[in-house]
Structures are given as C-alpha cells and as structure tokens.
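The structure appears below as structure tokens.
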Amino acid sequence: MADRSSSLPDLPILQFEEKIAETVEKNPVVVIIGETGSGKSTQLSQILHRRGYTKSGIVGVTQPRRVAAVSVARRVAQELGVKLGEEVGYAIRFEDRTSERTRIKYLTDGVLLRESLSNPEFNEYSVIILDEAHERSLNTDILLGLMKRLVKIRSSNLRILITSATLDGNKVSKFFSDCPVLNVPGKLYPVEIVYSRERPTSYLESSLRTALKIHVQEPEGDVLIFMTGQDDIDKLVSKLEDEVRSLEEGSCMDAIVLPLHGSLPPESQVRVFTPPPPNCRRFIVATNIAETSLTVDGVVYVIDSGYVKQRGYNPSTGMYSLDVVQVSKVQADQRAGRAGRTRPGKCYRLYPSIVYQDELPDVTVPEIQRSSLAGSVLYLKSLDLSDIDILRFDFLDSPSHDSLEDALKQLYLIDAIDEDGSITSIGRTMAELPLEPSLSRTLMEANEYGCLPQALTIAAVLSAETSLLPGRSKGTEKKRRHGPDLPDGSGLGDHIQLLQIYEEWDRNDYDIGWCKENNLQVRGMLFVKDVRKQLCQIMQKTVKGTLDVRTSKSRKERRDDYRNLRKALCAGYANQLAERMTLHNGYRTIGFKSQLVQVHPSSVLGTDEQGMYPDFVVYHELVTTSRPFMRNVSAVDMKWVVPILGKLEKVNVNKLSSGGYSQIEEGNDGKIAILPKEDVSPDNVLPANESRIQAARERFLARKAKK
DNA sequence: GAGCACTGC
C-alpha cells in the first residue's frame, strides 16, 4: 500500500499529460484506453483541473460502483490537500458529499442519470468522464447515448472522456464519429499464462489439482481461484482443505482456504484482507466479485475456470434466468491481471489456448442486451428530448427489437405511456421514483386507495428482496413458513408477508438483534429502511399526510389495507398476472405470450380446503431455474383482472412503437430502421393473441357462473 | 418442494 502512494509521481498517465490535454483541447470526445494501474481514475480529473477546466464548470467522473466513487474521491482530495466534500466531493445514493465549492465530483453512473432528469444538458459540467465504460453497465450505456446527442448541442463548452478496454476502444471511437483514442499503459507486472492441454471434464476437479500442484511446486504467494457460484465454492473449499491436511507434514508450507462471494456476511468478506501468518499460503476461492469489485492483495497465482454465472432476460417471455456461460476475453484478461499486482505472477487457464482464441467472445454481452428495458425506456421518454425518439435512440449496442417492444407494451399496460407511445402524466411521476416502473405504478395506485404507507414498505422491500430473507439452509427456510416469530402473510401471499415482517421490525424499534434472531440479513434490512425513507421523501411532494410505518390499526382495517394493496399491485403488475389451471395448481401467465409456470416452493401463498391455490395471482418475477417459477406471489380478485384483459386486447404494438411518428423495423444487420407512418398496417393487432385473451375471458365468465 | 453471479437509482 505504502509502495503505491510513494510511487505516485511515476504513474504512467502523468507522462501523457501534455498529449491528453492537447487532444482534449481539440476534440469534444476522447477515448482513453487505460490499463489497470495507469492511474486514470485519480489523475484524469486532476490533469483537467490543472488545465483550467474546473474554472468554467465541474469535472464529473462516473464510477460503476459506490465504493469506488467514495474511495477515489477521498484519494484525490488527499492528493490535492483539500477537505473531502469541498473542492473534491462525491455523490452516491443516500449520500451527497458535495458543496457549492466542489469542482471535481465523483459519482455513480446512476446518480448522473438521475441528475439529468432535472438538467438534461448537464450544464454545470465542463467535463464528464465516463470511467470504466468497458464494463458496459446499463446506466453507462444509456449515458453514452445521451452524451452522443449532447456533444452536438454543447460542442463548444463540454468535453467528454471515455475510458475503455483495448478490445473495444475502437468501437467506442467509431460510435463518436471516429474520435481520437489515446493509449495509456498500465503498471502491471508480467503474468505468465499457462493453458490446459485439454478441456477439463470437471473444472472443480481440475481447479483442485491445479491448486495442489501450485502449493507443492511453486514458491510462496497467494492463489485466487475463480469459480461460478456459492455451491462450487463451498465444495472446492472443503475438498481443498481435506487435501491440504492430508499432505505430509513439513513437506510444504501451511495453507488457509477462504471462500469469497457476495452473499457472505461482511465480516467474512473482510477476512480476505487480513494478511496470512508467515510461511502460510492462502487459497481464495471466489466468484467474479474478485474480478473488479474486491482486490485481494498478495495474489501471485490465478486459476481461471473460464466460466461465470450471468443473468439473462428473455423479452418475449418475460423470464429471467441465471446461466453459467464462458467468460469473454476481456474478463479472462482481467482475471489474469489479478496475479500481477504486486510482482510477476502466473495465471492457469483451465482450457486450451485454442478455446481462448476461437471460442471466447471478445467482450461480455452488455447488460442492456440482457435486461428488461421498461425502466430505461420510461426514463428516456421522460427526458422529453424533442429531437430524439426512443426507438431512434442511438445505442452503442442496440437492444433487440423484441426487448424494446416488450418494454413499450409493459409501459402501456401500466398507463405510463398512451396508445401512441407518448408518456402520460402518470408516467412522468413514475419516472421520478428510483424504482422499476411496476413498483412506481403500484405506489401511485396505492395512494388512490389510501394504503401508500404500506405500499412504500412493499416497494422498498422488493427492490432489495434477494438479500433479505434467510439463506438456503433448510432449517431457516422452514422458519420462513412456519416460524413462530415471523409473520406468514395471512395466507394472502408473499407481498403481504414482506410488509408484515418490516412492520414487525418497526415494532421492535429497528433492532439489529431482532434481525439476527429471525435470520434476516442485516445489510438488506438496513438498505430497505434507507430506500423507504428516500421513497417517502420523493412521494411527500405529491402526497398529503403522513407516510409513517406506524399506523396503529384494527384487524379489520389491516384486512382492508391488504386487499387494497393487492389491488394496487394488480395495476402495477398488469402484465405479471397468472390464472390457475382448472384441475391442478399450475398457472398460465396472462399476457402477450402465455407461459406455464408454478408458484415457487418458498412462497407463503395459502391454499383453500381442497389444497388449491387462488384462481388469480400477481407475481413479482418469473425465474427459470429447474423449471419456470413465479417468485413473490399474492392472490388477486378476478374482478381486478378483467379490465386488464380488455386492455391487452387493444394493444397495437406498431402504434406504441411509433411514438407518434412512424414504425420500426429490424433490418438484416440487426439495426432498427424507421419507416414512414403510412407504412403502418392498420390491422396488425396481434390476432393470435386476441383469440387467446378472448378464451381467457370466456373461462372467466364460466368461473363466475359456477360461483 | 427448490436454491440466489455482480452492480445501481
């Protein structure tokens, strides 16, 4: 650590100061290829500060992660000898440490996007640096598109710098009309790459063998092993411990084996930062959290399985999945680089070099092509950029036609856009909220029914849900369902249970000990509390009265609230409703493309005397694991569903995507072309779908007659 | 009766 700060004047980037300043002076957009250790994150802002760019405005630097924004800002303040929060500051969610004097501002890309809602031309900034753009977060990609538009408007007084990786620097340059690309070398030690001769039959076994070989044959230095997930990590940790223990005493040095992944409690994560005792080698078995988010010192050997777990989204079915996929070359190189931070290292790739060359994709599929875009589309529509339409929006990598259509249909169903694709006043309010559109819509509907305080809690919990409820051990899962302490949703469903849990925590004065007793993740619960507070502050502007959690009520009043909440969820999740099959507990989703799905076994949704689930449910998420499941499910009334069926019949996707102008069409090159409005066929209204919805309506009437 | 890579507003 001390080494790094004393070597500060040698940072490679400083030798390029003149060149960088000159290029920025002459060009509105510059791409900087800065390898690890080049010092770009801390130095670019200071170079521009020295060259006077902070006189006419703020130099803003985005980071994809909160911790990075904070630590880099702290570092720069220290180097400039100023107090953090004054000339140099940072802004992340829940925490704004800037002042009127701030000239260099580090912020997460999400925060910069939010800022553009109130100031779409970023007028207070003289320079915007999009750092780590090669990570291609959804937010960075949207910002890249906005910046491309902005350079045309503010070419005289705005400078944009984009830092990227070697493999896609030219692509970014091309996107910005062939802007200059500057290469700044990094400060990594050489890393020798060792490939396997063959593909492993089991990369778990192969990692184990390689790790032991290193331990026996190689000089001291820690080993970082990249695996895909918790399961494999736990297995490898225990096998490795066994094998190391069985080695002959004194034949080699001691060893400690540590797991490292996101769902470990923070105190366990910290263990990887404490240096090992002397004559002891550490094996750190990690997910890709160790690829960028956490840096472990002392690593000299890296073992790369070549795989990563990656979230996917299928826009035509609305289904999420988590798949094990091959890493990209960028990722493989990033992993290898983890071995060369302190001295020359070695990286063992558990696959042949031909696989690296011929099979691995150059770069990871950007998040924008793997996510639901409802939120991003609504956000862009709310910016009211008169000169662009969402479907003309120029992305570095366009999302698919299906994905944009999926987003538009979803937004239409929840009244955020009208049938022509124009944003509604409801949509405008929704865009103000830092939530997925369905949750924003639920809040607005709940406000009409007088249950906003409860809906705020549900929205906050759902936006953090994965890290909230007990982990995967069987005992704790049982507790969720039958535990004496935790509420059960009164049979109405998971949304109601989540509300009840939070209210119970409130009654226990937000006690941390209470969370631990009930196996609730402390970090997650505290996050929920912060989110709820933030949502209250935003909603307070449009709402009269108190939004406190504590609203002492009678049993009858609570029952009414639960009913109204489920009704509000029905409006917010109009395209996430499902109808039960007549004879068993399977469901089919109601929507543009019906899917056969099941209630996730962890649900607390109740059944009737015959053991049957409710006729209609609203769900928060569809996930495909072993089978397609609905996660977080609550019962809804069929009479709330009927008006939505009517709306589904009316959707005309061509009109929606026209945005009032024209029709979209996907060309052979995958790019989206705009056709003149006259070419829109008037009767292209999803005929097959219509008959299916008609059938659903008939089934509904039959049910009604039976009752 | 199944299981959660990593971020972020």
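Each chain gets a letter, A, B and so on, in the order the sequences are listed, and its residues count up from 1.
- Here the C1' atom of nucleotide B:dC4 and the CD atom of A:Q521 are 10 Å apart, to the nearest Å.
- Applying side chain to side chain contact (heavy atoms under 4.5 Å, CB included) to A:M227 and the options A:L260, A:V285, A:V237 leaves one that passes, A:V285.
- Out of B:dA2, B:dC6, B:dG8, the shortest distance to the side chain of A:R627 is found at B:dA2.
- When the side-chain nitrogen and oxygen atoms of A:R311 are compared with OP1 and OP2 of B:dT7, none of them lie within a distance under 4.0 Å.
- The listed nucleotides are B:dG8, B:dC6, B:dA2; the one nearest the side chain of A:I289 is B:dC6.
- Residue A:F527 contributes atom CZ, which lies 9 Å from atom P of B:dG8 at whole-angstrom precision.
- Following rounding to the nearest Å, A:L138 (CG) and B:dT7 (P) show an atom-to-atom distance of 16 Å.
- Distance, A:D231 CG to B:dA2 P: 15 Å, rounded to whole Å.
- Applying the side chain to side chain contact (heavy atoms under 4.5 Å, CB included) test between A:M630 and each of A:V618, A:L605, A:V617 identifies A:V617 as the sole match.
- Nearest nucleotide to the A:K309 side chain, out of B:dC9, B:dA5, B:dT7: B:dA5.
- With rounding to whole Å, A:R66 atom CZ is found 15 Å from B:dC6 atom C1'.
- Checked against B:dC9, B:dT7, B:dA5, the side chain of A:V111 finds its nearest nucleotide in B:dC9.
- For A:P601, counting side-chain heavy atoms from C-beta on, the closest listed nucleotide (B:dC6, B:dG8, B:dG1) is B:dG1.
- The residue A:I92 sits close only to the backbone: its heavy atoms come under 4.0 Å of sugar-phosphate atoms, none of a base.
- The side chain of A:Q230 lies closest to B:dA5 when the candidates are B:dA2, B:dG8, B:dA5.
- Under 4.0 angstrom from either OP1 or OP2 of B:dC6 there lies no side-chain N or O belonging to A:T292.
- Taking the six-membered ring where tryptophan is involved, the planes of A:Y313 and A:Y320 are tilted, since the angle between them lies from 30° to 60°.
- Pairs engaging residues 524-537 of chain A under the salt bridge (charged side-chain N to carboxylate O under 4.0 Å, His left out) rule: none recorded [sequence neighbours left out].
- Taking for each of A:L435 and A:F629 the nucleotide of DNA chain B with the nearest heavy atom, the 5'-most of the two is the partner of A:F629.
- The side-chain hydrogen bond (donor to acceptor under 3.5 Å, both in side chains) test applied to A:S634 returns A:H495, not counting sequence neighbours.
- As a whole-Å value, the separation of A:L322 CG from B:dC6 P is 10 Å.
- Closest approach to the A:N288 side chain among B:dT7, B:dA5, B:dG1 is made by B:dA5 (side chain taken as heavy atoms from C-beta onward).
- B:dC9 atom C1' lies 7 Å from atom CD of A:Q534, rounded to whole Å.
- Checked against B:dC4, B:dC9, B:dT7, the side chain of A:R93 finds its nearest nucleotide in B:dC9.
- Here the side chain of A:P434 is nearest to one of B:dC9, B:dA5, B:dA2, namely B:dC9.
- Following rounding to the nearest Å, A:Y106 (OH) and B:dG8 (C1') show an atom-to-atom distance of 20 Å.
- Using a 4.0 Å heavy-atom distance criterion, A:S137 is classed as making no nucleic acid contact.
- Across every non-hydrogen atom of A:E291 and A:F226, the tightest pair is N-CE2, 3.7 Å.
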